[in-house]
Undergrad: 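What follows is a single structure, and I will ask about it in a moment.
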Amino acid sequence: MAVRPLIGVSTYLEASARWGVWELETALLPAGYPRLVQSAGGVAAMLPPDDPAYAAAAVARVDGLVIAGGQDVEPVRYGAEPEQRTGPPNRARDTWELALIDAALASGTPLLGICRGMQLLNVALGGTLVQHLEGHAVEQGVFGSHPVKPVPGTRYASIVPDEDDVPTYHHQAVDRLGRNLVASAHAADGTVEAVELPGLAWVLGVQWHPEMGVDVRVMRALVEASGPPGVH
């Protein structure tokens, strides 16, 4: 049986969650993430917030890395003050995931940022964020969809060459692009929907939530870039 690439996925850290008779502090991940990794040919490993000093060692043990969606990035990370509709920070998660991103970039480990993960990748490279987008969420807690148009010649366009509807729940977005990042897809209103680093390293961020859909092309591209297992 072929060994499948091991894909690390960062997790939420919540003050409490309930299951059965328990209500406890919880590191959790919506099941769509590991299912998408599995459907794309990988094995998912959860990477809950930890001491950032251990991030490089954690990244060294996986073949590819996904930074998952979740809470707003704390605006201080990109030199801004929080606006009225910006959510409360999760500093432990911000610190851990920024360290994971730095380790992946330094080691050349294939990296996919999803929603918050794309935004955090942008911040890690010195970019800034729009703290609230109007007109990009149907209603609270409900995913919508809209078309995303790839930029010709980019890595994303090589994966998804045509305009495609994607599952969305936008609140924040990329404002000023981080160092060396290029926009590789846009919404109809110009919102940056994907970013990537040109070159040999496989680094891509998407603003939408592929784990909420059935299209595995982006995740399959990450898994393929992450093999053979143990080789970055």
Side-chain angles (χ1 to χ4, degrees), residues 8-10 13 47 49-60 62 64-133 136 148 150-151 153-157 170-187 189-209 218 222 225 232:
V9 187
S10 67
L13 181 65
L47 298 176
D50 200 340
D51 185 332
Y54 301 133
V59 169
V62 300
L65 177 66
V66 175
I67 304 297
Q71 303 99 324
D72 294 345
V73 179
E74 188 174 15
V76 70
R77 302 283 182 174
Y78 49 95
E81 294 293 326
E83 298 176 1
Q84 183 176 4
R85 286 175 288 192
T86 300
N90 188 324
R91 296 186 177 101
R93 188 174 176 192
D94 283 354
T95 300
W96 172 243
E97 291 180 346
L98 284 167
L100 290 175
I101 290 170
D102 287 345
L105 295 176
S107 65
T109 301
L111 169 63
L112 173 62
I114 292 177
C115 194
R116 164 193 159 88
M118 174 180 120
Q119 296 155 18
L120 202 59
L121 169 64
N122 191 58
V123 169
L125 292 171
T128 61
L129 302 180
V130 176
Q131 293 190 41
H132 181 73
L133 282 174
H136 275 260
V148 167
V151 175
T154 60
R155 174 176 287 114
Y156 175 69
H170 295 357
H171 164 47
Q172 300 197 326
V174 165
D175 184 11
R176 186 184 73 242
L177 284 166
R179 291 183 304 277
N180 301 320
L181 284 172
V182 298
S184 49
H186 295 92
D189 66 356
T191 299
V192 175
E193 291 283 343
V195 299
E196 60 189 62
L197 279 179
L200 295 177
W202 201 100
V203 179
L204 177 66
V206 298
Q207 170 79 358
W208 63 91
H209 285 269
V218 167
L222 171 73
H232 298 155

Undergrad: Quick check: closest heavy atoms across Val148 and Trp208, and the distance to 0.1 Å?
TA: CG1-CZ3, 3.8 Å
Undergrad: Does some side-chain heavy atom of Val123 sit less than 4.5 Å from a side-chain heavy atom of Thr128?
TA: no
Undergrad: For the residue pair Thr95 and Arg77, confirm or rule out a side-chain donor-acceptor distance under 3.5 Å.
TA: yes
Undergrad: Just how far is it from atom CD1 of Ile67 to atom CD of Gln119, taken to the nearest 0.5 Å?
TA: 13.0 Å
Undergrad: Between Val206 and Glu193, is any pair of side-chain heavy atoms under 4.5 Å apart?
TA: no
Undergrad: Please report the interatomic distance CG(Asp175) to CG(Asn122), rounded to the nearest 0.5 Å.
TA: 8.5 Å
Undergrad: Is there a donor-acceptor pair closer than 3.5 Å between any side-chain N or O of Ser107 and the backbone N or O of Ala103?
TA: yes
Undergrad: For residues Asn180 and Pro198, report the shortest heavy-atom separation together with the two atoms involved.
TA: O-CD, 3.3 Å
Undergrad: I'd like to know if the side chain of Arg176 reaches the main chain of Gly127, judged simply by a donor and an acceptor atom lying under 3.5 Å from each other, with no hydrogens or angles considered.
TA: no
Undergrad: Listed by chain and number, what are the side-chain hydrogen bond (donor to acceptor under 3.5 Å, both in side chains) partners of Glu97, not counting sequence neighbours?
TA: Ser10, Arg93, Arg116
Undergrad: Find the distance between CG (Leu204) and CG (Leu111) and round it off to the nearest 0.5 Å.
TA: 8.5 Å
Undergrad: Within the side chain of Asp72, is there an N or O that forms a donor-acceptor pair under 3.5 Å with the backbone of Thr86?
TA: no
Undergrad: Any side-chain to backbone donor/acceptor pair from Gln207 onto Gln172? Under 3.5 Å, distance only.
TA: yes
Undergrad: List the atom of Val151, the atom of Ala185, and the distance in Å for their closest heavy-atom pair.
TA: CG2-N, 3.9 Å
Undergrad: Which heavy atom in Ala55 sits nearest to a heavy atom in Leu100, and how many Å separate them?
TA: CB-N, 3.8 Å
Undergrad: Measure the CD-CG distance between Glu196 and Leu112 for me, rounded to the nearest 0.5 Å.
TA: 11.5 Å
Undergrad: Which heavy atom in Thr109 sits nearest to a heavy atom in Leu65, and how many Å separate them?
TA: CG2-N, 4.4 Å
Undergrad: Quick check: closest heavy atoms across Ala92 and Pro49, and the distance to 0.1 Å?
TA: O-CB, 4.2 Å
Undergrad: Check whether Asp50 reaches the backbone of Trp96 with its side chain - one donor and one acceptor, N or O, closer than 3.5 Å.
TA: no
Undergrad: Any chance you could measure Leu105, atom CG, to Leu121, atom CG, to the nearest 0.5 Å?
TA: 6.5 Å
Undergrad: Mind checking what makes side-chain hydrogen bond (donor to acceptor under 3.5 Å, both in side chains) contact with Arg155, not counting sequence neighbours?
TA: none
Undergrad: Report yes if the side chains of Leu47 and Val9 come closer than 4.5 Å at any heavy-atom pair, otherwise no.
TA: no
Undergrad: Atom SG of Cys115 and atom CG of Leu120: how far apart are they, to the nearest 0.5 Å?
TA: 11.5 Å
Undergrad: Taking C-beta and beyond as the side chain, do Val182 and Val195 meet within less than 4.5 Å on heavy atoms?
TA: no
Undergrad: Any chance the rings of Trp202 and Tyr156 have centres within less than 6.0 Å?
TA: no
Undergrad: His209: which residues meet the side-chain hydrogen bond (donor to acceptor under 3.5 Å, both in side chains) condition with it, sequence neighbours left out?
TA: Glu211
Undergrad: Any chance the side chains of Gln84 and Gln131 put a donor and an acceptor closer than 3.5 Å?
TA: no
